[in-house]
Amino acid sequence: MSRICELTGKGRQVGNNVSHANNKTKRVFLPNLQNVTLMSEKLDRSFKFRVSTQGLRSVEHNGGLDNWLMKTSDEKLSANALKVKRELKKAAAAS
């Protein structure tokens, strides 16, 4: 399973471990991913996502899952999140 946030697209970063003797060896910084269930108010359903903690804070800051998905570009979102975004657009068009 890839270590990428489904809502923000945040992935791993590469850097160096630097010793006291200034030796540099490659290392990987992984995002803090959590399995969460987020509720969509417009669809009245819940969806499971693998989200970074920073992404979860951003979703809450923007007023929930529905607002976050509508504001975020499609390139950052996973296939699962894109499916939810399409459902939201259909529900908005129907009402």
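In terms of heavy-atom proximity, Gly55 sits nearest to Thr8 at CA-CG2, 3.6 Å. Between Ala81 and Leu7 the shortest heavy-atom distance is CB-CD2, 4.0 Å. Taking both residues in full, the closest heavy atoms of Gly11 and Pro31 are given as O-CD, 3.7 Å, listed atom of the first, atom of the second, then distance. Nearest heavy-atom pair, Ser52 versus Cys5, reported as atom, atom and distance to 0.1 Å: N-SG, 3.3 Å. Of all non-hydrogen atoms in Asn80 and Lys48, the two that sit nearest each other are ND2-O, 3.3 Å.
By the neighbour-count criterion of 12 heavy atoms within 6.0 Å, atom NZ of Lys76 is sparsely surrounded, having that number or fewer from other residues, nucleotides or ligands. For CD of Gln54, the number of neighbouring non-hydrogen atoms (other residues, nucleotides, ligands) closer than 6.0 Å is greater than 12. Applying the 6.0 Å contact sphere to CZ of Arg27 captures more than 12 heavy atoms from other residues, nucleotides or ligands.
Looking only at side-chain heavy atoms (C-beta outward), Asn17 and Lys24 stay at 4.5 Å or farther from each other. Between Phe29 and Val14 there is no side-chain heavy-atom pair separated by less than 4.5 Å. No side-chain heavy atom of Asn23 sits under 4.5 Å from any side-chain heavy atom of Val18.
For Asn62 (side chain) and Asn67 (main-chain N/O), no donor-acceptor pair under 3.5 Å exists by modelled atom type. Between the side chain of Lys85 and the backbone N or O of Leu69, at least one donor-acceptor pair lies under 3.5 Å. Remark: the backbone N or O of Ile4 is not paired with any side-chain donor or acceptor of Arg12 at under 3.5 angstrom. For the pair Glu6 (side chain) and Val51 (backbone), a donor-acceptor distance under 3.5 Å is absent.
Every residue meeting the side chain to side chain contact (heavy atoms under 4.5 Å, CB included) condition with Asp44, not counting sequence neighbours, appears here in chain and number order: Met39. Applying the side chain to side chain contact (heavy atoms under 4.5 Å, CB included) criterion to Asn32, with sequence neighbours excluded, gives Gln34, Thr53. Not counting sequence neighbours, the partners of Leu82 by the side chain to side chain contact (heavy atoms under 4.5 Å, CB included) test are Asp74, Leu77, Arg86.
Rounded to the nearest 0.5 angstrom, Leu65 CG and Ser40 OG are separated by 6.0 Å. Note that CZ of Phe49 is 11.5 Å distant from CG of Leu56, once rounded to the nearest 0.5 Å. Here the CH2 atom belonging to Trp68 is positioned 11.5 Å from the CD atom belonging to Glu60, to the nearest 0.5 angstrom.
Cluster annotation: Leu33 and Leu38 are assigned to distinct hydrophobic clusters (Ile/Leu/Val/Met/Phe/Trp/Tyr, side-chain heavy-atom contacts under 4.5 Å, transitive). Using a 4.5 Å cut-off between side-chain heavy atoms of Ile, Leu, Val, Met, Phe, Trp and Tyr, with links allowed through other members, Leu88 and Val36 fall into the same hydrophobic cluster.
Of the charged side-chain nitrogens involved, none lies within less than 4.0 Å of a carboxylate oxygen, so that Glu87 and Lys42 do not count as a salt-bridged pair.
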